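See structure below.
Whatever order the structure lists them in is the order used to number ligands and atoms, beginning at 1. Along the sequence shown, the residues carry numbers beginning at 1. The figures here come from the full heavy-atom set of this structure, side chains too, leaving out hydrogens, waters and symmetry mates. What you see is a predicted model, and the numbers here were worked out from it, not measured in a lab.
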Amino acid sequence: MRHLPARTTRRRVVGSLAAALLCAAGLAAPAAARDTAGRTAAGPSPTHPAEGGRAATAPVAPGPATKVPDGLALTPPMGFNNWNSTHCRAEFDEAMVKGIADLFVEKGLKEAGYQYVNLDDCWALPERDANGKLVPDPVRFPGGIKAVADYVHAKGLKLGIYTSAGTKTCNSAGFPGALGHERSDARQFADWGVDYLKYDNCNNQGVDARQRYTAMRDALEATGRPIVYSICEWGENKPWEWAADVGHLWRTTGDISDSWGSMLSIMKRNLPLAPYAGPGRWNDPDMLEVGNGGMTDTEYRTHFSLWSIMAAPLLIGSDLRKASPRTFEILGNEEVIAVDQDPLGRQGSVVSSEGGRWVVAKQMKDGSRAVALFNETGSAQSVATTAKAVGLPGADAYTLRDLWQHKSYHTAGRIAATVPAHGTVLLRVSADDKWSHHPPATELALKGGLFVEAGTSAKVTSEVTNLGRTAAQRVTVALGAPAGWAVRATSPSTAAALPTGRTLATTWTVTAPAGTRPGAYDLALKATYRSPQGARAEKELPLTAQVVLAPPAGTSSLGDLPWLSATNGWGPVERDTSNGDSGAGDGRPITIGGTVYAKGLGVHAESTVEYYTGGACEKVTAQVGVDDETIVKGTVAFEIWADGRKAASTGVLTNAMPAQELSADVSGAQTVRLVATDGGDGIDSDHGDWAQASLSC
Ligand code: GLA
């Protein structure tokens, strides 16, 4: 492989210039906070680069014009890393790494762009050898690292490795870190044939981050081998502001975990950093959890869609040897990967984000826009924008490609979809002259939540709206329900022609048989129609009906009531105990500011617990706060939502504060949601308590 010395030159110049400026300003290297004891909690929330102030804070001009000197990571790195599936467990070994490389080839993932097979922490022995060299663990890697690299290279893939910019890595077993050994360790990696280094932040001894990461950059360059350099200091020192000339990617947050709340919180912190990303310099919101089991397939598709539109590195974090066909289908979706890998290298930015309905748009090299319509909430929502709002030029109509359905439509300009709870509709929209080849896009929607008490009927209205420039003809709509349910249209369910912007509204009664158990049931709204040229189009909206119990009259403890849904940043929501941390039932008595409460809910931000109130309840009250079990500073803000309305909220509470009373009028609401957010600084240590939470109906 060819090494381009240009990078060395440019980076050195910038590096020493920065150092000179620091010196001139009389600034000593600032000591990193909480740095000597290994792993630390995630740092403060990144500042959101203001539009106008961006140039002042970002030393590298954002945008495509930047010349990347070493030609590495021109698009976000794609590959695999074992950490999210194995941590340090014994299954992380040579057989696993080889098995993943085999599957990359066999399952078409290599062809889809996945290239790096990366080893994380725990590959080495705790002690260096007599010559100060790193020693691979002979049980995990009996043939050594070079043998693994050779195997991976023979498949046309690349190998990555891990160490820390500290005296030891992050694992408590204390594997050697590279601080003070940069040259020799980098040399050893290069000799083994390593192509990628993830450089962590634990046990850094308070040495300035730029200094530590720059030392390894220089050491890697000195080897002459092209090595992608991944900075992993968890966003603590705002690497987006200084690391473009140090590494190719930098972590922007603390560690991801395999939960909806963790993924969501990281996504929210990474999105505002869009101006800093570009070819060879990527924001890294951490590795993928797709397939690890802690989220639904809908949530994993959202995870993958959002990482792609954020031009994030796509490092598979599940053990592909055990992965389901669905996991391969998500990770192998080449139309979505093309969004991530677009050569223009833009990170998508937020167009709007009201009420948990997100529109994120990414400019693509061919002038089209990738558009994510993402629903953060626990119920289906209509998420909408326009071709103009996502930056497309004016046109009669636009081609609209659905990247998960693999179908093309056209729109006169409105871009809209009803998006299931936690789902994402990912589109690619182009102002081209081929739009008339595709049938008009339609938006399917259901008005009124699908809450059914067993044995009774619910009334709902479906809507099919034509978003196209031409009429939708011979429109038919059907509502499918589980066997045994009765579904009846009480108004017309067909239309001969639906012109631009017009809606076919149909009312339905839906009856769940007596004795149906409470819970979520799948329904589907399906529309079929024809374009004026006669092409047949079919559109389906998956729906969830909730079979519910009527809310109990009087005042009830929310810790005793069944909920519709619950999500948590770590572990499950606990009844009448604190969250504990990761397991079910690992909580302690709910305790805030020294006061113990017998009843309530223990959650971990980001968290949402939703209850059915059926328009029959008036009030929710609770004593809220961060549980005393939190050792380091947890920060949580609490909110009570009545349907789509925020009915009450607190500011950011910490574990140094006593419980605060939170009370909300929820009259008329179909559902009530208890929300605990991370206070804007990531979810670490955010154990929130809804003590004495009660509902009056
Ligand atoms: C840190 C990193 C993780 C992982 C572990 C390994 O927590 O942020 O991604 O590498 O260390 O110990």
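Annotation: Lys198 places an N or O atom under 3.5 Å from an N or O atom of ligand 1; distance criterion only.
Asp218 places a side-chain heavy atom less than 4.5 Å from the side chain of Glu221.
Near Cys170, meaning under 4.0 Å from any of its heavy atoms, are these atoms of ligand 1: 1 (C), 11 (O), 12 (O). Near Asp120, the atoms of ligand 1 lying under 4.0 angstrom from a non-hydrogen atom of the residue are 4 (C), 6 (C), 10 (O). Near Arg251, the atoms of ligand 1 lying under 4.0 angstrom from a non-hydrogen atom of the residue are 8 (O), 9 (O).
In this structure, Phe80 has its ring center at least 6.0 angstrom away from the ring center of Tyr114. Residues Tyr162 and Phe189 keep their aromatic ring centres 6.0 Å or farther apart.
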Please step through side chain to side chain donor-acceptor pair (under 3.5 Å) for the pair Ser308 and Ser305, ending with a clear verdict. CA-CA 5 Å; Ser308 293; Ser305 299; over 6 Å; no
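No part of Cys122 comes within 4.0 Å of ligand 1, judged by heavy-atom distances. Neither the backbone nor the side chain of His87 has any atom closer than 4.0 Å to an atom of ligand 1 (non-hydrogen atoms only). For Asn201, no heavy-atom contact with ligand 1 is shorter than 4.0 Å.
Between Thr169 and ligand 1 there is no heavy-atom distance shorter than 4.0 Å.
Nearest-heavy-atom check against atom 2 (C) of ligand 1 across Thr253, Asn171, Asp200 picks out Asp200. The closest non-hydrogen atom to atom 6 (C) of ligand 1, taken over Leu315, Asp255, Asp121, comes from Asp121.
There is a side-chain donor-acceptor pair under 3.5 Å between Asn270 and Thr252.
In this structure, His687 and His604 have tilted ring planes: the angle between them lies in the 30° to 60° band.
In summary, of the residues considered (Asn81, Asn82, Thr169, Asn171), a side chain to side chain donor-acceptor pair (under 3.5 Å) with Asp120 occurs for Asn81 alone.
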